[in-house]
Each structure stands twice: as structure tokens, then as C-alpha cells.
Amino acid sequence: MSLEMEELTVTTGDVFEDFLIVFRRCLAKYLDIGEDMNVPDDFTQSELQTGKWWRHLLAGGIAGAVSRTCTAPLDRLKVFLQVNQNRENMRKCLNKMIGEGGITGMWRGNGINVIKIAPESALKFAAYEQVKRLIKGEKTKNGPLEIHERFVAGATAGAISQTVIYPLEVLKTRLALRKTGQYSGIADAAKKIYAREGLKCFYKGYIPNILGIVPYAGIDLAVYETLKKKYISTYQAHNEQPGMLLLLACGSTSCTLGQVCSYPLALIRTRLQAQETTAKGVEGTLRSTVRDIIQREGFRGLYRGITPNFIKVIPAVSISYVVYEYASRSLGVNMT
């Protein structure tokens with residue numbers, strides 16, 4: 001995500017920028033909070049005018065679908081740990097999940113996770129471009145956005161896209177946690193949940209989900225800018241290139257720090273999404289859920305499930321990186 005160059009394709013001519021543009025794009029999608037709360041990438045005017053932007057979005061959608069399908073068992077394990085209040089470890093939770101639904105049950109909820117990629121990406125891109133135009137309309141010069149302006153545009157776009165597709169997030173959580181035979185599919189789950197709990201239930205956990213945008217996107221951008229400026233002052237002054245390990249460290253540090261700071265909000269969101277309205281209509285709130293977690297499990301309880309979330313990053317990013325490149329080439333988008 002270059003802030004000086006509104007560029008998405010890997011054509012900067014600088015190995016640091018080239019690597020981070022693609023690597024961080026992939027990484028930010030799988031160190032998730034609301035599946036994808038990172039600030040969107042910018043497209044060049046040429047890409048916007050020639051229509052190449054939709055090819056990038058399509059390639060990203062294909063890569064996301066393949067990658068999420070391959071790592072779906074780890075994602076479901078994360079959700080299971082997030083809502084499990086018995087402090088069971090990963091092995092016990094995994095055995096319980098397989099024992100109840102078999103190996104194929106590990107992919108529960110993945111269908112809707114894949115379906116929502118396209119509308120979420122399209123909505124975020126459209127909203128981001130509109131907000132950028134509004135911000136640039138007030139600027140005296142037609143230049144790239146400053147870091148705080150980019151943060152505002154990205155956070156606003158994320159909030160808009162999440163508001164529209166959030167019911168799918170709730171459905172994904174419910175489907176991932178469902179027992180064998182509880183629902184026959186996505187439509188059946190939506191129908192039964194609506195009949196039992198009403199329309200309001202599809203926005204359970206919405207507030208912590210939206211609040212999660214601020215620390216995630218803000219820290220991600222701030223740390224990335226700091227690392228990039230440090231690189232420029234250190235390496236380019238001596239006409240050197242950083243090593244691959246340094247590139248990996250810089251590419252992942254900003255996203256990881258944002259994830260660590262915002263993960264408790266992701267856990268609270270999932271807990272609220274999983275709560276079914278009782279006969280008395282008693283529902284948990286943001287405050288009561290936080291209090292309950294801390295009382296039962298301590299502050300460590302706010303990070304339940306983060307281990308499988310980190311474990312899935314390496315295979316998810318690797319698969320996404322490769323599939324994105326091949327999909328881009330097939331769609332006529334040059335990656336090199």
C-alpha cells in the first residue's frame with residue numbers, strides 16, 4: 001500500500017515497495033478482524049480508466065476464495081475457541097469438532113465466507129473511491145492522500161462495506177458453530193434464525209466490529225509508514241537492498257500489531273454473534289460480555305483463538321499470493 005504512489009500493481013521498480021504491496025495485501029486479509037479491515041489499495045488513473053481495477057478485484061476474490069477454503073478448518077477452530085467458555089485447549093476443541101461433525105464438518109461456514117468476498121471487496125472499493133474524491137475536493141492540490149486522510153477514507157469504506165454485508169458475518173459464525181442437522185444450508189439457516197430471533201440478530205456484535213477498524217487500520221498504517229521511512233533513510237542512502245527476512249518482517253509487523261491490538265474486539269464480536277436470543281429475551285451487551293470474559297477467564301480470555309489465527313497466516317498468504325499472481329496473469333494484468 002504505497003502512500004506516495006497510488007499504485008496497486010507491482011511495477012514500482014523498488015524491491016521493497018514491490019514486495020510489500022502484494023505481501024501486505026495478502027497478509028492483511030488473513031490476520032482478520034472483520035474479515036478484512038485493512039485500508040484498501042489505491043489504483044492508478046490508468047487502471048481506473050482502462051477497467052483493469054475490476055480484474056485486480058476479481059483476481060483477489062479468486063485468491064481469497066481458494067485460500068480461505070484451504071485454511072477453513074483453522075478458521076472454524078478459531079471461532080470455536082472464541083466462543084468456548086470452558087477454557088478447553090486447541091486439541092480438545094478440535095477433537096470435539098471432528099467427533100461431532102467429522103472431517104468434512106471442519107469446513108462449516110466456509111461457503112458463505114467465500115460468497116461474501118465479492119460484495120465486500122466491491123463495496124469497499126466503491127466507498128473508498130467516493131470518500132477519496134470528497135477529501136481531495138477540499139484539497140488545494142491534486143496529490144496523494146496524507147496518512148490521516150487515507151486512514152479516514154479506509155475506515156469509512158470499511159464501515160460502509162461491513163454495515164451492508166454484516167448479516168453474512170453473523171450467518172458465517174452461526175453456520176461454523178452449528179451442530180449436525182441443525183441447518184440444511186445457508187438459506188435454511190437465515191430463515192430459521194430470522195423466524196426465531198428477528199432481523200435484529202443479524203447485527204449482533206456490530207459495534208465491536210466497527211470499533212475494531214480504528215486500532216487495526218490506524219496501527220497498520222502508522223507502523224507501515226514508520227518502517228518504510230526507516231528503510232528509505234537506511235538503505236536507499238547507501239544504494240542497498242534489504243534482505244528477504246527483513247522484507248518479511250516489515251511486511252508482517254504492521255499487520256500483526258494491528259491484529260493484536262484489535263483482536264479482543266473480534267472475540268467479543270464473535271461471542272455476541274453466537275448468542276441465541278433466549279426465551280426471556282436476555283441478550284449480552286458489549287460491556288457485559290467483556291466483564292464476563294474477564295471474570296471467567298481473565299485478560300487472557302480476550303485472546304482465545306488467536307493461535308490458530310496466526311497459524312493459518314503462513315499457508316493462507318502463500319496460497320493467496322500464488323493464486324493471485326496466476327489469476328492476474330490469466331486476466332491480462334501484468335504482475336512483473
Side-chain angles (χ1 to χ4, degrees), residues 32-37 65 68-69 72-73 75-86 93 96-124 158-212 265-293 296 304-305:
D32 56 82
I33 166 139
E35 279 313 320
D36 184 7
M37 287 295 189
R68 290 182 184 182
T69 299
D75 190 62
R76 188 177 181 230
L77 178 59
K78 177 198 71 177
V79 173
F80 203 91
L81 285 166
Q82 285 178 331
V83 302
N84 188 286
Q85 299 182 20
N86 298 323
C93 286
K96 185 180 292 186
M97 290 166 59
I98 295 176
E100 194 280 327
I103 296 297
T104 56
M106 297 298 294
W107 275 265
R108 288 178 182 174
N110 183 62
I112 197 165
N113 200 25
V114 170
I115 290 173
K116 73 183 181 69
I117 292 176
E120 183 178 13
S121 299
L123 282 168
K124 182 179 288 188
I160 292 173
S161 65
Q162 281 292 300
T163 299
V164 176
I165 62 93
Y166 193 76
L168 298 181
E169 294 277 0
V170 177
L171 273 175
K172 173 210 165 186
T173 299
R174 293 292 184 91
L175 288 169
L177 297 171
R178 79 183 189 271
K179 295 181 180 179
T180 302
Q182 186 174 1
Y183 305 119
S184 60
I186 297 174
D188 182 58
K191 182 179 179 181
K192 288 182 177 178
I193 293 172
Y194 174 75
R196 185 171 61 247
E197 304 176 56
L199 185 63
K200 184 180 178 180
C201 80
F202 289 103
Y203 279 89
K204 286 183 175 180
Y206 174 78
I207 293 177
N209 188 67
I210 293 300
L211 291 177
L265 288 167
L267 183 139
I268 295 166
R269 175 206 68 201
T270 305
R271 288 275 179 98
L272 291 171
Q273 288 175 342
Q275 287 180 355
E276 295 188 12
T277 304
T278 62
K280 296 181 180 180
V282 179
E283 296 184 7
T285 62
L286 174 59
R287 181 179 297 179
S288 65
T289 302
V290 173
R291 184 173 59 248
D292 183 63
I293 292 173
R296 286 172 175 266
R304 282 188 61 82

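Computed from heavy atoms alone, side chains included, the values below leave out hydrogens, waters and symmetry copies. Bear in mind the structure is a predicted one, so any value in this text is a computation, not a measurement. Residue numbers count from 1 along this sequence.
- Counting heavy atoms from C-beta on, the side chains of R68 and I117 come closer than 4.5 Å.
- Proximity of R174 to L177: side-chain heavy atoms (C-beta onward) are nowhere separated by under 4.5 Å.
- With sequence neighbours left out, the side-chain contact (heavy atoms from CB on, under 4.5 Å) criterion links K96 to F80, N84, E88.
- Note that the CD1 atom of I115 and the CD1 atom of I165 stand 12.5 Å from one another [nearest 0.5 Å].
- In summary, the side chains of N209 and Q162 do present a donor paired with an acceptor at a separation below 3.5 Å, with no hydrogens or angles considered.
- None of Q273, K116, K204 except one satisfies the side chain to side chain donor-acceptor pair (under 3.5 Å) rule with E169; the exception is K116.
- For residues 159-179, the ring pair (Phe, Tyr, Trp, His ring centres under 6.0 Å) pairs, not counting sequence neighbours, are Y166-Y203, Y166-Y206.
- Interatomic distance, CD1 of I193 versus CG of L199, reported as 12.0 Å (0.5 Å rounding).
- Minimum interatomic distance between L81 and G305 (heavy atoms only, all atoms of both residues): CB-CA, 3.8 Å.
- Residues that satisfy the side chain to side chain donor-acceptor pair (under 3.5 Å) test with R76, not counting sequence neighbours, are absent from this structure.
- Residue A176 comes nearest to V79 through the heavy atom pair CB-CG1, 4.5 Å, listed as atom of the first residue, atom of the second, then distance.
- The two residues I98 and M106 make their nearest non-hydrogen contact at CG1-SD, 4.0 Å.
- In terms of heavy-atom proximity, V114 sits nearest to A65 at CG1-CB, 3.6 Å.
- Atoms CG and CG, from L175 and N113 in turn, are 10.5 Å apart once rounded to the nearest 0.5 Å.
- Residues R108 and T180 bring a donor and an acceptor atom of their side chains to less than 3.5 Å of each other.
- Scanning all heavy atoms of the two residues, the minimum distance from S161 to E120 falls at CB-O, 3.9 Å.
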Check: Is there a side chain to side chain contact (heavy atoms under 4.5 Å, CB included) between T270 and V83 once you walk through the steps?
Finding: CA-CA 7 Å; T270 305; V83 302; 3.8 Å; yes
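- With sequence neighbours left out, the side-chain contact (heavy atoms from CB on, under 4.5 Å) criterion links A190 to L171.
- Scored by the side-chain contact (heavy atoms from CB on, under 4.5 Å) test, L286 finds I207, P208, L211, I268, V290 as partners (sequence neighbours excluded).
- Counting only heavy atoms from C-beta outward, the side chains of E197 and Q275 never approach each other to under 4.5 Å.
- The structure places CE of M97 at 5.5 Å from CG of L77, a figure rounded to the nearest 0.5 Å.
- Note that OG of S288 is 9.5 Å distant from CD1 of I293, once rounded to the nearest 0.5 Å.
- Remark: K179 NZ to E100 CD distance equals 7.5 Å, nearest 0.5 Å.
- Around atom NZ of K191, no more than 12 heavy atoms belonging to other residues, nucleotides or ligands sit under 6.0 Å away.
- Every residue was checked against the side-chain contact (heavy atoms from CB on, under 4.5 Å) condition with T104, not counting sequence neighbours, and none meets it.
- Between K172 and D75 there is a salt bridge, since a side-chain N of the basic residue sits under 4.0 Å from a carboxylate O of the acidic one.
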